[in-house]
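Values in this document were obtained by computation on a predicted structure and should not be read as measured data.
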Amino acid sequence: YDGGDCCPYRIQYALSFGDGLCHGGIAATEFCGYDNGDCHYFAKKYPSCPLEELAAMNRTAAVVVLGDGVCDSQVYNITECGYENGDCI
């Protein structure tokens, strides 16, 4: 891991990157600094949530906002991810 260089430029320069909301997909992974810090709390709270695997397996993961009160998808709606950080409870 090299301080963000592994995060795709299209994510790093997106308006949603580091905007205060924890966005799913590749942005939420360690490679992108947990959405430029927005997902640090989520990653600490749910260390068993397979962020990298979920981002790689499902393209809809990127449109999910974790912990916004809306159950957006079935991607993070698993025990290990806190049922989308409480959104799907």
Between Y13 and Y9, how do the two ring planes meet: parallel, tilted or perpendicular, split at 30° and 60°?
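Aromatic pair Y13/Y9 classed parallel.
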How close do [X] and [Y] get, counting heavy atoms only, and between which atoms?
X	Y	value
G20	D38	N-OD2, 2.9 Å
D87	G67	OD2-N, 2.9 Å
A28	Y34	O-CD2, 3.1 Å

Report the C-alpha distance between C6 and C32 in whole Å, list the side-chain angles of each, state the deciding distance to 0.1 Å, and finish with yes or no for disulfide bond (SG atoms under 2.5 Å apart).
CA-CA 7 Å; C6 296; C32 291; over 6 Å; no
Taking only residues two or more places apart in sequence, or in another chain, which ones meet R10 in a side chain to side chain contact (heavy atoms under 4.5 Å, CB included)?
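Side chain to side chain contact (heavy atoms under 4.5 Å, CB included) list for R10, sorted by chain: P8, I26.
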Any pair with a residue in residues 62-89 that passes ring pair (Phe, Tyr, Trp, His ring centres under 6.0 Å), sequence neighbours left out, goes on the list, sorted by first then second residue, please.
none
Going by side chain to side chain donor-acceptor pair (under 3.5 Å), name the residues that satisfy it together with E53, two or more places apart in sequence or in a different chain.
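If we apply the side chain to side chain donor-acceptor pair (under 3.5 Å) test to E53, skipping adjacent residues, there are no hits.
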Any chance you could pull the hydrophobic cluster mates of L15, using side-chain heavy atoms under 4.5 angstrom and chaining through other members?
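Its cluster partners, ordered by chain and number, are none at all.
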Given a cutoff of under 4.5 Å between side-chain heavy atoms of I, L, V, M, F, W and Y, with clusters grown through shared members, what are the other residues clustered with L21?
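Hydrophobic cluster check, L21: joined to V65.
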Contact check, side chains of [X] and [Y], non-hydrogen atoms, under 4.5 Å:
X	Y	result
C81	F42	yes
L51	E30	no
C88	Q74	no

Donor-acceptor pair, side chain of [X] and main chain of [Y], under 3.5 angstrom:
X	Y	result
D35	A27	no
Q12	N36	no
E80	P50	no

Pairs where residues 15-24 contributes a residue and the test side-chain hydrogen bond (donor to acceptor under 3.5 Å, both in side chains) is met, not counting sequence neighbours
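Only D19-H23 qualify under side-chain hydrogen bond (donor to acceptor under 3.5 Å, both in side chains).
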Rounded distance [0.5 Å steps], CG in N85 versus SG in C49
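The distance works out to 9.0 Å.
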Y41 OH to L66 CG distance, which is reported to the nearest 0.5 Å:
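Y41 atom OH to L66 atom CG measures 13.0 Å (nearest 0.5 Å).
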After noting the C-alpha distance and the side-chain angles of V75 and T60, does the key distance pass the side chain to side chain contact (heavy atoms under 4.5 Å, CB included) rule?
CA-CA 8 Å; V75 179; T60 62; 3.4 Å; yes
